[in-house]
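All chains are named by letter (A, B, ...) in the order of the sequence lines, taking the proteins before the strands, and each is independently numbered beginning at 1. Nothing here was measured: the structure is a model prediction, and the numbers come from that model.
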2 protein chains.
Amino acid sequence: MAAKGNGGQGKRSQRIESAAQAGKKPGGEPSLSLERIVATAVELLDAEGIDGLKMRRLADRLGAGVMSLYWHVANKEEVFDLALDAVFAYRAPPQRIEPEDWRRDVVHMLEDWRAIMLRHPWSASLLPRRALGANVLGRLETMSEVLSRAGVADADMNVAIWSLWNYVLGATVTRASFALSHADQAAGQKRLSALSERYPTIERTRLLLDSDWDGTFRKGLDVLLDGLPRG
Amino acid sequence: MAAKGNGGQGKRSQRIESAAQAGKKPGGEPSLSLERIVATAVELLDAEGIDGLKMRRLADRLGAGVMSLYWHVANKEEVFDLALDAVFAYRAPPQRIEPEDWRRDVVHMLEDWRAIMLRHPWSASLLPRRALGANVLGRLETMSEVLSRAGVADADMNVAIWSLWNYVLGATVTRASFALSHADQAAGQKRLSALSERYPTIERTRLLLDSDWDGTFRKGLDVLLDGLPRG
DNA sequence: ACCTGAACACCGTTCAAGT
DNA sequence: ACCTGAACACCGTTCAAGT
């Protein structure tokens with residue numbers, strides 16, 4: 001259903017070892033490449049959001065014709081897939097060998113994950129649809145390893161992983177879109193006071209005004225980690 | 001930014017008490033109405049998914065011209081907003097007065113919430129973007145009341161509510177899209193075995209094959225509820 | 001008050017070529 | 001191997017009318 005995972009190279013796999021991997025024009029211009037396309041797509045998504053990524057716009061930024069993209073990429077879907085996974089590449093190796101402090105590792109990994117998604121707000125809403133990129137799977141693998149070393153039995157592993165995943169994803173998706181839709185706080189306030197008599201408890205606890213997202217995230221995460229079944 | 005909340009009636013609020021609320025043609029045809037539009041939009045979304053909702057298609061189903069929709073509705077965004085909130089209307093009053101068994105109430109409410117989103121998979125991905133519909137707010141209010149009666153202090157309420165919200169939303173979004181993208185299990189299996197040596201822990205725990213979604217959801221939820229700070 | 005068709009601006013992608 | 005312009009099918013919405 002999704003585009004075949006053939007690396008996105010060539011039109012219907014007519015990639016037959018290629019004559020020469022010239023790569024660059026003599027003129028000096030970098031020419032088009034998958035890497036440039038993906039990097040520029042991420043830029044565009046960061047700048048304009050998920051609806052701002054248009055093939056024509058992407059080509060413009062790359063100084064190419066629209067249809068040039070289609071040699072490197074099967075369709076727009078594939079651009080999304082590649083941009084998403086690109087964002088989840090590791091920077092520093094998370095392999096700190098302090099086997100005793102697993103909890104610090106887990107929190108660090110999840111906060112890094114969340115930070116990435118907040119830096120690229122489009123990624124949170126894209127992630128659940130295409131969670132099988134190499135970097136995303138790599139992060140799930142590392143996470144599993146850490147939990148395993150921390151004493152989580154294989155039988156409990158999936159509940160642990162999915163609970164954490166669900167929580168982080170939900171928190172980020174919600175935060176990213178609240179930050180957006182409440183950009184104009186004026187309208188938000190008006191809405192809220194009009195609501196106060198219909199939703200007294202929400203009004204009392206200021207549910208929709210509490211913007212300590214980081215603190216709230218961390219506290220809920222602690223609850224989840226406290227409850228992790230470990231041998 | 002979002003469409004003004006004027007009930008979606010009339011073009012730029014030229015709703016001036018209206019001459020007569022005729023409503024029906026003498027011919028018998030129900031004619032167009034906001035309710036019919038929203039109900040049909042939900043049908044269409046259920047049948048064709050989020051990308052299947054096109055204004056022309058919606059009009060077709062209603063036996064009307066496309067542009068007729070725009071008298072009742074400002075734009076496509078508003079159709080999404082209304083369809084989303086419509087789906088979260090209450091059926092049975094959840095006001096069971098058993099103050100001692102708050103936990104059963106909470107679990108029931110959250111499973112009902114999740115069931116709705118799984119019945120209308122498009123709703124999960126739409127929800128975070130427009131969480132301020134009346135029915136959604138009503139559910140958050142009821143939830144807060146139950147937790148409050150259960151002994152959760154106001155100071156802890158937002159962490160509790162958001163943790164549960166994040167978890168339910170993340171779980172549903174993930175499940176809905178996995179169910180979709182793995183519709184063809186054949187491709188999924190192939191992908192997985194190709195991956196087995198690179199992601200041994202994932203392979204060992206069968207993370208991506210474990211399809212006991214309901215059990216996993218419930219267990220993670222129990223962890224969260226166990227950890228709820230109550231006076 | 002309510003509905004409509006024609007038309008516009010825009011977008012992803014196919015095709016048949018170019019070098 | 002790599003890039004391109006013209007053209008097609010499609011979609012949300014504006015506009016100027018109809019009743």
Side-chain donor/acceptor pairs under 3.5 Å, residues 37-47 of chain A, sequence neighbours excluded:
unit_1, atom_1, unit_2, atom_2, d
A:Thr40, OG1, A:Arg36, O, 2.7
A:Asp46, OD1, A:His120, ND1, 2.7
A:Asp46, OD1, A:Trp122, NE1, 2.7
A:Asp46, OD2, A:His120, ND1, 3.0

**Q.** Lys NZ or Arg CZ of B:Arg139 over B:Phe88 ring: under 6.0 Å, within 45°
**A.**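 No, B:Arg139 and B:Phe88 do not form such a contact.
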
Q. Does NZ or CZ of B:Arg175 lie under 6.0 Å from the centre of the six-membered ring of B:Phe217, at an angle within 45° of the ring axis?
A.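 Relative to the ring axis of B:Phe217, which defines the angle, B:Arg175 lies outside at least one limit.
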
Q. How far does the P atom of D:dA16 sit from the matching atom of C:dC2, given to the nearest Å?
A.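 Those two atoms are separated by 22 Å.
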
Integer-rounded Å distance: [N] [atom2] and [X] [atom1]:
| X | N | atom1 | atom2 | answer |
| --- | --- | --- | --- | --- |
| B:Leu69 | D:dC15 | CG | P | 18 Å |
| B:Glu77 | D:dC11 | CD | P | 18 Å |
| A:Glu78 | C:dT13 | CD | C1' | 14 Å |
| B:Ile37 | C:dC2 | CD1 | P | 11 Å |
| A:Leu34 | D:dC3 | CG | P | 11 Å |
| A:Leu32 | D:dT4 | CG | C1' | 12 Å |
| A:Lys76 | D:dC10 | NZ | P | 18 Å |
| A:Tyr70 | D:dG5 | OH | C1' | 15 Å |

Where the side chain of [X] is concerned, which of [options] is the nearest nucleotide?
| X | options | answer |
| --- | --- | --- |
| A:Val66 | C:dT4, C:dT14, C:dT13 | C:dT13 |
| A:Trp71 | C:dG12, D:dT13, D:dA1 | D:dA1 |
| A:Met67 | C:dA6, D:dC3, D:dG5 | D:dG5 |

Please name all residues satisfying side chain to side chain donor-acceptor pair (under 3.5 Å) with [X], sequence neighbours left out, ordered by chain then number.
| X | result |
| --- | --- |
| A:Thr205 | B:Asn158 |
| A:Thr201 | B:Glu141 |
| A:Thr216 | none |
| A:Glu48 | A:Arg57 |

**Q.** Secondary-structure stems, DNA chain D, at least 3 Watson-Crick or G-U base pairs under 3.5 Å
**A.**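 Expected stems, ordered by start: C:4-8 with D:12-16, C:12-16 with D:4-8.
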
Q. Are A:His72 and D:dC3 close enough that a side-chain N or O sits under 4.0 Å from OP1 or OP2?
A.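 The answer is yes; a side-chain N or O of A:His72 sits under 4.0 Å from OP1 or OP2.
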
Q. How would you list, by chain and number, every residue that makes a side chain to side chain contact (heavy atoms under 4.5 Å, CB included) with A:Glu35, sequence neighbours excluded?
A.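 Checked A:Glu35 against side chain to side chain contact (heavy atoms under 4.5 Å, CB included); matches are A:Ser33.
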
**Q.** Counterpart residues, side chain to side chain contact (heavy atoms under 4.5 Å, CB included), relative to A:Asp60 (two or more places apart)
**A.**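 Checked A:Asp60 against side chain to side chain contact (heavy atoms under 4.5 Å, CB included); zero matches.
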
Q. Can you list, by residue number, the residues of residues 44-59 of chain B that have a non-hydrogen atom closer than 4.0 angstrom to DNA chain D?
A.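 Those residues are B:Leu53, B:Lys54, B:Met55, B:Arg56.
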
